[in-house]
Amino acid sequence: MKNPKAIKRLLSVSLTIILMASLWPASLASATAPARANEPAAIRVAPPAPVFDDVARLAELAARRARVAEKIGPKAILVMFSAEPRVYTNDVDYEFRQENNLYYLTNLKQQGATLVLMPGNASMREVLFLPRRDPSKETWTGHMYGPEEARRVSGVSEIWDAKEFEPFMLAIRTRRAYRPQGDRVLASAMNASAPSSGTTQPVTPPVPKSDQTTAAASAATPARPVNGNAPANMVTQNAPSRDSTPAAAAGATPVNVNAPAASAPAGFESLFAAMMQSDAQLYLLLPGGEDSREYRQEQDFAAKWARSAIGLNVRTAWPIFVEMRMRKSPSELQLLQHAIDISIEGHERAQAFAARAKWEYEVEAEIDYTFKRRNADNWGYPNIVGCGPNGTTLHYEESQSQVRPNDLILIDSGAEYGHYTADVTRTFPVSGKFNPAQSDIYNVVLAAQEASFKAIRVGSSLPEVHNASVEVIKDSLLRLGLITDRNSDQYRIWFMHGTSHWLGMNVHDVGVRAAKLDTGMVFTVEPGVYIREDALDYLPDTPENRKFIAAVRPAFEKYKGIGVRIEDDVVVTTDGYRNLSGALPRTIQDIEAFMARARKESRVAAWREDGVRTTASLNDVFVERVSALTPGSNSTRFLRQH
């Protein structure tokens, strides 16, 4: 071989192979070994999902149903529908997610199910109407509950074919006791000895005291009839009609509504007696608002019932569930903690990867993959991954901008597990190091959050927690030159949202905002400061605003485009609170230390336990080592291609 270039290339490749052989053990050891002996990996892998004793789980569900039954009383009936499918487009639906309150009482995820509670019926206090299994449907859409499975999941023993719901309600309208015949009763415990009403002891915590009780909420609801022009989100009082009967309205044979109730089967006497006096109630889930996107079937049902029912007044069950769900039981806290643990891992993997990402959606993909990998139900809300100025948009969901090394990334992301959702936000530098301007804004938000933490105690309230953050933010913005008057609303240009909201089965969960905090309540603490680049452009052109803009312009130019939010999920305890998301680094020092260590570890194995991507990452290590030893050589190109 006389070609000098060929000889030079052969020597270069040979040197590379020798270096690889000598560097392999050292590279592997230095890249995979923890910084200190026996130190855990930087990224915190979510622990295994909680496992519940089935007897205890069913007892808790039964206790919840008993609590609701106690609230509505023996003269009432409660009807709860499963969620309706949500259309994504044309004939494609979103994945089914059960209505929260029905799931809260049954743990059932079946479409088309309906739960009826009848506290005054000693022999049959609850009935579950369930679609009959259909093999042809299951071929297309998957498994349906059979009656035994539904009973094991929910603890409800009386299960009827879903087709029996309309005949059952027609019988209730006309004060006729009803029970299906033959195979329309899918499962029943009617022949078994019924337990006494006092055998089931609630395991959920007591309902918290708040500024509005269930009775007060119902009493405050306007008492006016529901009709086609007035959505049924209010109490209705329905007087008997002399012109028509409910049976006629429903298209059935007319019935003498003043006749005594049918004698068999027994159990409906107290309800029908109350109906005779127009003193009975039909409870439905009817949240406030004129047109609910989620509860339209309940509103439609209430409107139809109001036109045909005799002696039953429609009332909303919403305040009952609000009060119950505000305090979490130990099992609920376990589910919520697991959702938060999955979220923490997703956040940490995204932080470790961000420096290698070119686009926001690549960072978001790390979160989504973690959620799926840890078997989360879904996200609790669309991920927010905003780099630089995008972090100043509160609900930025596009993830379509580039990731720039000198910017901050704001990630607001929470997994949902077991119908409970996390809500966690962190803001961090792509480079792994905060610059001085970023540190200034970050420390304002951190100090505000610390102040809010100190305000959390039994007997406090969410407004008090919020006000603690506001006071710190006002002082800090004045010090930084971003406002000129701490006693005005100028601060709202840069901090425009509340600090806290309830958390649970919804990311913005049900609750009374002014309620006094008590043990078991879970909410977020999430102050933020957002220096939007166009914030000063849309202020009204007044002498006061022109003076304000001139005064804050120097500070604005220094900090514009920086958005910081820090959000944690806390539960109230007897001695204050517990930060459920506290394992995720929060201070500047902890974030920078975590990112440095996590990025070093992730060079070898971003997903170590599966071995995915390990070979490529090790190759990157060798490339770096060889490049350092042989600058200007083509060996690195050879390595990357081979």
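Remember, predicted model here, so these are calculated numbers, not experimental data.
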*asked:* Go through it in stages, so that I can follow the logic: the residues are Thr574 and Val458, the test is side chain to side chain contact (heavy atoms under 4.5 Å, CB included), and I'd like the CA-CA distance, side-chain angles, deciding distance and then a yes or no.
replied: CA-CA 7 Å; Thr574 54; Val458 173; 5.7 Å; no
*Does the separation of the ring centres of Trp160 and Phe168 fall below 6.0 angstrom?*
yes
*Any side-chain donor-acceptor pair under 3.5 Å between Ser399 and Glu364?*
yes
_Shortest non-hydrogen contact from Leu105 toward Arg64_ = CD2-CB, 3.7 Å
*Are side-chain heavy atoms of Glu99 and Asn101 found at a separation under 4.5 Å?*
yes
*Contact summary for Ser123 and Gly267, nearest pair of heavy atoms*: OG-CA, 4.3 Å
*asked:* How long is the straight-line distance from NE2 of His338 back to CD1 of Ile342, given to the nearest 0.5 Å?
replied: 3.5 Å
_Tyr295 ring center within less than 6.0 Å of Trp318 ring center_ = yes
*Do any N or O atoms from the side chain of Lys328 and from the backbone of Leu503 form a donor-acceptor pair under 3.5 angstrom?*
yes
*Can you tell if the side chain of Leu271 reaches within under 4.5 Å of the side chain of Ile172, non-hydrogen atoms only?*
yes
*asked:* Keeping Gln98 on the side-chain end and Asn107 on the backbone end, is there a donor-acceptor pair under 3.5 Å?
replied: no
*Spatial distance of atom OH (Tyr104) from atom NE2 (His419) [nearest 0.5 Å]*: 13.0 Å
*Within a radius of less than 6.0 Å around NE2 of His395, do more than 12 heavy atoms belonging to other residues, nucleotides or ligands occur?*
no
*Gln110 and Ser82: side chain donor to acceptor below 3.5 Å*: no
*asked:* Using 0.5 Å steps for rounding, measure from the CG atom of Leu285 to the CG atom of Leu102.
replied: 8.5 Å
*Val510 to Phe321 - nearest heavy-atom pair and separation*: CG2-O, 4.4 Å
*From Leu58, Thr106, Leu115, residue fulfilling side chain to side chain contact (heavy atoms under 4.5 Å, CB included) relative to Ser154*: Thr106
_Tell me whether Asp509 contacts the main-chain N or O of Asn506 through its side chain, where contact means a donor paired with an acceptor under 3.5 Å._
yes
*Under 4.5 Å between any side-chain heavy atoms of Leu462 and Leu517, yes or no?*
yes
*Side chain of Glu323, backbone of Ile320: donor and acceptor closer than 3.5 Å?*
no
*asked:* Under the criterion side chain to side chain contact (heavy atoms under 4.5 Å, CB included), I'd like the reasoning laid out for Ile367 against Ile411: C-alpha separation, chi angles, the key distance, then a yes or no.
replied: CA-CA 10 Å; Ile367 299 170; Ile411 294 181; 3.6 Å; yes
*Would you call Asn100 and Arg325 a side-chain contact if the rule is heavy atoms closer than 4.5 Å?*
yes
*Run the side chain to side chain donor-acceptor pair (under 3.5 Å) check on Ser581 and Asp569 step by step: do they pass?*
CA-CA 6 Å; Ser581 51; Asp569 305 334; 4.8 Å; no
*Using modelled atom types only, decide if a donor and an acceptor are shared between the side chain of Arg86 and the backbone of Tyr94 within a distance under 3.5 Å.*
no
_Criterion side chain to side chain contact (heavy atoms under 4.5 Å, CB included) on Met324 and Val68, from CA distance to verdict_ = CA-CA 9 Å; Met324 290 180 65; Val68 174; 3.7 Å; yes
_Shortest non-hydrogen separation from Ser270 to Gly120 and the atoms involved_ = OG-O, 3.4 Å
*Any side-chain heavy-atom pair from Arg374 and Asp341 closer than 4.5 angstrom?*
no
*asked:* Hydrogens and angles aside, do Asp412 and Tyr381 bring a side-chain donor and acceptor to less than 3.5 Å of each other?
replied: yes
_Before you tell me yes or no, could you show the steps for Arg44 and Glu345 under salt bridge (charged side-chain N to carboxylate O under 4.0 Å, His left out), namely the whole-Å CA-CA distance, both residues' side-chain angles and the distance that decides it to 0.1 Å?_
CA-CA 6 Å; Arg44 182 178 181 271; Glu345 182 181 348; over 6 Å; no
_Gly418 backbone acceptor or donor facing Asp377 side chain under 3.5 Å_ = yes
_Name of the residue among Thr174, Val79, Thr114 meeting side chain to side chain contact (heavy atoms under 4.5 Å, CB included) with Met169_ = Val79
_Ring-plane angle category for Phe272 and Phe268, please: parallel below 30°, perpendicular beyond 60°, tilted otherwise._
parallel
*Ser292 to Pro287 - nearest heavy-atom pair and separation*: OG-CG, 4.1 Å
_Please check: side-chain N/O of Arg327 versus main-chain N/O of Thr519, any donor-acceptor pairing under 3.5 Å?_
yes
*asked:* With rounding to the nearest 0.5 angstrom, report the OG to CG distance, Ser343 to Leu580.
replied: 11.5 Å
*Could you check whether the rings of Phe301 and Phe165 sit parallel, tilted or perpendicular, using 30° and 60° as the cut-offs?*
tilted
_Heavy atoms from other residues, nucleotides or ligands near CD of Glu138 exceed 12 (cutoff 6.0 Å)_ = yes
*Val314 and Leu284, any side-chain heavy atoms less than 4.5 Å apart*: yes
_Check: Ser188/Arg179 side-chain N/O donor and acceptor closer than 3.5 Å_ = yes
_Ignoring hydrogens and geometry beyond distance, is a side-chain donor-acceptor pair present between Glu416 and Thr421 at under 3.5 Å?_
no
*Any chance the side chains of Glu164 and Tyr178 put a donor and an acceptor closer than 3.5 Å?*
yes
*Arg97 and Asn378: side chain donor to acceptor below 3.5 Å*: no
*Using atom types as modelled and distance alone, determine if a side-chain donor or acceptor of His501 lies under 3.5 Å from a backbone N or O of Val507.*
yes
*Establish, from distance only, whether the side-chain atoms of His497 and Glu526 form a donor-acceptor pair under 3.5 Å.*
no
*What distance do Ser500 atom OG and Arg513 atom CZ have between them, rounded to the nearest 0.5 Å?*
7.0 Å
_Non-hydrogen atoms of Val87 and Asp93 that approach each other most closely_ = CA-OD1, 3.7 Å
_Beyond-backbone contact of Glu126 with Val116, side-chain heavy atoms, under 4.5 angstrom_ = no
*Please determine if Arg151 and Glu148 form a salt bridge, counting it only when a charged side-chain N lies under 4.0 Å from a carboxylate O.*
yes
*Check the pair Leu335, Gln337 against side chain to side chain contact (heavy atoms under 4.5 Å, CB included), reporting the backbone distance first and the verdict last.*
CA-CA 5 Å; Leu335 292 168; Gln337 183 65 70; over 6 Å; no
*asked:* When you compare the side chain of Asp183 with that of Arg132, does any pair of heavy atoms fall below 4.5 Å?
replied: yes
_Once rounded to the nearest 0.5 Å, what's the spacing between atom CD1 of Ile384 and atom CD of Glu398?_
10.0 Å
_Heavy-atom donor-acceptor pair, Arg57 side chain to Val153 backbone, under 3.5 Å_ = yes
*Where the side chain of His347 meets the backbone of Ser413, is there a donor-acceptor pair that is under 3.5 Å apart?*
yes
